[in-house]
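Before any comments, here is the structure.
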Protein chains: 2
Amino acid sequence: MVKGFRKNIGETIKKYRLATHMSQMELAGKIGISYQQLQKYEKGINNISISRLKQISEALKIPISSLLEGQETERVAEDISEYGLSKEEKTLLDLFRKIDNKDIRRGLILELKGIVEILKKK
Amino acid sequence: MVKGFRKNIGETIKKYRLATHMSQMELAGKIGISYQQLQKYEKGINNISISRLKQISEALKIPISSLLEGQETERVAEDISEYGLSKEEKTLLDLFRKIDNKDIRRGLILELKGIVEILKKK
DNA sequence: GACAAAAACAACCATTAGTTGTATTATGCG
DNA sequence: CGCATAATACAACTAATGGTTGTTTTTGTC
């Protein structure tokens, strides 16, 4: 699954391999697999594991990140602020902390439980 | 092969998962695999492909690089998971996160604002 | 055109990624 | 406490694929 992704990486590998004038056999030899297997990587037929990718990056003398180029998600941590809380969650917490009345806080928790309970049954 | 590497990544995944208060089931659900399979990733039993890692990083809302760089990211995750929430606050957040309906979440925030407003006037 | 070397294609096997099912361990809740 | 239920761990199995070798096709270059 997620084939397009795989293929992309394979092409990137090939690109860097050619850039250093290495044949499939050479590179494959360095990382200890058959060149036919390397072909599969480059063509996106087989999945590439992290450890494999690291070996390849070392053989090509480039950082892993170079092989991941174009793969990194753009809007990664867009709405994540400190402590791994989303803005909305932070707002919630900030408001909640302003409620100094214990009973009201308890009540709110109960209300949430109720809502969650109802939503669960749908 | 190259087991140690794999395991490290699994542990990093786990740390980030816990940091965002996600259960194995939740995260596994988001990326479309069984939670048992996720366990294997976290325990380093199964290899993790690049595409899979990307899915995971997206589900956790962190860049892939965070999962790749062993040590450095470990500490970050540690910090995240240890932010000082009271038990009550944690409960609140956990419940809030179970509400997948955006409007309901919004409504709750508004309600809190109202409550805070009223309390202020006393 | 000939000849190698490099790359593609194919068929096959061994490993494992991924599944479901069950067991165990927390975590509430009355 | 004691019971329920969520969360995690463990086991057994199967389908998929990672990886192999063998053969064909392409790509030079002399």
Side-chain angles (χ1 to χ4, degrees), chain A residues 1-7 9-56 59 106-107 109-114 116-117 119-121, chain B residues 1-3 5-7 9-11 13-56 59 81 85-100:
Chain A
M1 33 180 82
V2 199
K3 295 262 180 189
F5 187 75
R6 243 187 265 160
K7 190 174 174 208
I9 283 207
E11 283 170 1
T12 309
I13 291 174
K14 184 171 184 177
K15 192 179 89 185
Y16 277 99
R17 175 174 62 79
L18 293 177
T20 54
H21 301 287
M22 243 188 263
S23 70
Q24 289 179 342
M25 240 189 328
E26 269 182 283
L27 178 54
K30 284 197 179 187
I31 63 181
I33 59 172
S34 64
Y35 66 93
Q36 291 96 331
Q37 182 56 31
L38 177 60
Q39 281 175 14
K40 292 192 186 176
Y41 289 149
E42 291 189 352
K43 292 200 165 287
I45 294 171
N46 272 181
N47 220 342
I48 306 176
S49 70
I50 311 296
S51 50
R52 198 52 102 202
L53 194 71
K54 191 174 187 204
Q55 289 181 295
I56 293 174
R106 268 192 99 95
I109 298 281
L110 284 176
E111 181 190 352
L112 277 219
K113 278 185 184 168
V116 169
E117 202 53 40
L119 289 177
K120 200 163 63 175
K121 294 189 172 156
Chain B
M1 29 185 90
V2 199
K3 295 261 181 190
F5 191 73
R6 240 187 270 160
K7 190 176 175 208
I9 284 208
E11 282 170 2
I13 291 173
K14 183 172 185 177
K15 277 181 182 170
Y16 274 100
R17 174 175 64 78
L18 292 177
T20 53
H21 299 286
M22 244 188 261
S23 69
Q24 291 178 340
M25 238 187 334
E26 271 183 281
L27 178 54
K30 286 195 178 188
I31 63 180
I33 59 171
S34 64
Y35 64 94
Q36 291 96 330
Q37 183 55 32
L38 177 60
Q39 281 175 13
K40 293 193 184 175
Y41 289 149
E42 293 188 351
K43 290 195 169 289
I45 294 171
N46 273 182
N47 219 342
I48 306 176
S49 70
I50 310 295
S51 52
R52 208 38 113 210
L53 194 71
K54 193 192 177 195
Q55 289 181 297
I56 292 174
S81 63
L85 295 181
S86 72
K87 204 170 182 183
E88 194 180 34
E89 287 164 350
K90 189 174 177 304
T91 304
L92 178 82
L93 262 184
D94 286 344
L95 285 169
F96 189 70
R97 283 174 171 146
K98 284 187 181 145
I99 300 173
D100 51 8

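Chain letters run A, B, ... following the sequence lines, proteins first and then strands; every chain starts at 1.
- In this structure, B/E42 and B/R17 have side chains that are in contact, with non-hydrogen atoms separated by less than 4.5 Å.
- Across its full length, the helix from C/dG1-D/dC30 to C/dG30-D/dC1 shows an angle of 50° between the axes of its 5 terminal pairs at either end, rounded to 10 degrees.
- Distance, A/N46 CG to C/dC13 C1': 14 Å, rounded to whole Å.
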Go through B/K30 and B/M22 one step at a time and tell me if the side chain to side chain contact (heavy atoms under 4.5 Å, CB included) criterion holds. CA-CA 10 Å; B/K30 286 195 178 188; B/M22 244 188 261; 4.1 Å; yes
Applying side chain to side chain contact (heavy atoms under 4.5 Å, CB included), run through A/I48 and A/I13 and close with a yes or a no. CA-CA 11 Å; A/I48 306 176; A/I13 291 174; 3.6 Å; yes
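- Distances shown here put every side-chain N or O of A/R52 at or beyond 4.0 Å from the OP1 or OP2 atom of D/dG18.
- Residue B/S34 is in base contact, counting any heavy-atom pair closer than 4.0 Å across all strands shown.
- Judged by atom type and distance alone, B/Q39 reaches the base of D/dA9 through a side-chain donor-acceptor pair under 3.5 Å.
- Rounded to an integer number of Å, the gap from A/Q37 CD to C/dT16 P is 13 Å.
- Nearest heavy-atom pair, A/A59 versus A/I31, reported as atom, atom and distance to 0.1 Å: CB-CG2, 3.9 Å.
- In this structure, B/M25 atom CE and C/dT20 atom P are separated by 14 Å, rounded to whole Å.
- The side-chain heavy atoms of A/L53 and A/I9, taken from C-beta on, include a pair separated by under 4.5 Å.
- Within 3.5 Å, no donor on the side chain of A/K40 pairs with an acceptor on the base of D/dG18, nor the reverse.
- The backbone N or O of A/S23 lies less than 3.5 Å from a partner atom in the side chain of A/E26, making a donor-acceptor pair.
- Taking atom CD1 of B/I48 as the reference point, atom C1' of C/dA17 lies 11 Å away to the nearest angstrom.
- Rounding to whole angstrom units, CG of residue A/L18 and P of C/dA6 are separated by 12 Å.
- B/Y41 is listed as a side-chain neighbour of B/I33, based on a closest heavy-atom distance under 4.5 Å.
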Between N or O atoms, less than 3.5 Å apart, protein on one side and nucleotides 22-30 of chain D on the other: list the pairs.
from	atom 1	to	atom 2	distance (Å)
D/dG22	O6	A/Q36	NE2	2.9

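- Residue B/K14 places its side chain closer to D/dA9 than to any other of D/dA9, C/dC29, C/dG18.
- Here the C1' atom of nucleotide D/dG18 and the CD1 atom of A/I56 are 13 Å apart, to the nearest Å.
- If you take CG of B/L38 and C1' of D/dA7, they are 12 Å apart, rounded to a whole angstrom.
- The interatomic distance linking B/N47 (CG) with C/dG18 (C1') rounds to 13 Å, in whole Å.
- In this structure, B/R17 does not reach the D/dA7 phosphate: none of its side-chain N or O atoms is under 4.0 Å from OP1 or OP2.
- Looking only at side-chain heavy atoms (C-beta outward), A/K14 and A/K43 stay at 4.5 Å or farther from each other.
- Side-chain contact between B/T20 and B/L27 is absent, with no heavy-atom pair separated by less than 4.5 Å.
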